[in-house]
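Take a look at the structure below.
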Amino acid sequence: LIAFLLGLVHVLSPDHWVPLSLQSWQRGWNYHRTQGLVLQLMLLHVAMGLLAALMLGEWARGLGPSGLFAFSLGLVLVMSLARFVRFSRLREAFLAGPQSKRGLVAAWGLLGPAESLVPVVMKSVQLGEHWLAPVIAYTAGTLIAGSSLVFWGRRLWNQPSILARGYLWVGRLSLR
């Protein structure tokens, strides 16, 4: 349950769904194409997080519960800071236009690995449990929240007042 909720909550970060909904809206993609892309990118996102977690798995056995908590908190903070710095790439995705490959790459490049999955897998390893069930639950939460947010975000871009506020917001966030 915790892994599912963590997967669901971590996608609420705007860099997980705003670029995808924007690209879908700008390019006029239908629901199936949009959801296919969301499925591929979110699975890649989780797979990169799983790879990082498995690489750190044996190391995690040596950490106690407080050590794992401290490591997890530090990891999430560092990755959040990195995301904040990378978030300036959203401006490229936003202003590049509907046919820009550069905008598409900028939007996709915001995801990176799902760092919040790392502590889930590491805790499973620490407890001597298999990591597969928590990863499936985390992935389910990620896919449910991600596809819903991208779908509704795509619909919201059709609202002129939201689109104008979005341009202003990205302009303020961009690193000049």
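All values below come from the heavy atoms of this structure, side chains included, with hydrogens, waters and symmetry mates left out.
In the hydrophobic cluster analysis, where Ile, Leu, Val, Met, Phe, Trp and Tyr join through side-chain heavy atoms closer than 4.5 angstrom, L39 is grouped together with L149. In terms of hydrophobic clustering, with Ile, Leu, Val, Met, Phe, Trp and Tyr side chains grouped at heavy-atom distances under 4.5 Å, L1 and I136 are assigned to different clusters. Side-chain heavy atoms closer than 4.5 Å link hydrophobic residues (I, L, V, M, F, W, Y) into clusters, and following such links, possibly through other members, connects W152 to Y31.
Considering only heavy atoms from C-beta on, T142 stays 4.5 Å or farther from L8 through its side chain. Residues H10 and H45 have side chains in contact (heavy-atom distance under 4.5 Å, counting atoms from C-beta outward). Contact of the R33 side chain with the R27 side chain is not registered, since no non-hydrogen atoms from C-beta on lie closer than 4.5 Å. At a threshold of 4.5 Å between non-hydrogen side-chain atoms, the residues H130 and V135 do not count as touching. By the 4.5 Å heavy-atom criterion applied to side chains, L37 and Q23 are not counted as neighbours. Between F71 and M122, some side-chain heavy-atom pair lies under the 4.5 Å cut-off.
Panel note: side chain S24, backbone L20; no donor-acceptor pair is recorded below 3.5 Å. A distance-only check finds a donor-acceptor pair linking the side chain of R154 to the backbone of W29 [under 3.5 Å].
In terms of heavy-atom proximity, L50 sits nearest to L117 at N-CD2, 3.7 Å. Closest approach of S21 to V150, counting heavy atoms only: CB-O, 3.4 Å. In plain terms, the two heavy atoms of A52 and V118 that are nearest each other are CB-CG2, 4.1 Å. Of all non-hydrogen atoms in V121 and A53, the two that sit nearest each other are CB-CB, 3.5 Å.
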Quiz item: Passes side-chain contact (heavy atoms from CB on, under 4.5 Å), L54 versus W131? Steps please.
Solution: CA-CA 9 Å; L54 293 176; W131 47 263; 3.5 Å; yes
Practice problem: Output, in order, the C-alpha distance, side-chain angles, deciding distance and verdict of side-chain contact (heavy atoms from CB on, under 4.5 Å) for L143 and V46. | Solution: CA-CA 10 Å; L143 292 175; V46 171; over 6 Å; no
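The 12-atom threshold is not exceeded at CD1 of I2, counting heavy atoms of other residues, nucleotides or ligands nearer than 6.0 Å.
Aromatic ring centroids of Y138 and F4 lie 6.0 Å or more apart.
Expressed to the nearest 0.5 Å, how far CD of Q35 lies from CD of Q40 amounts to 11.5 Å.
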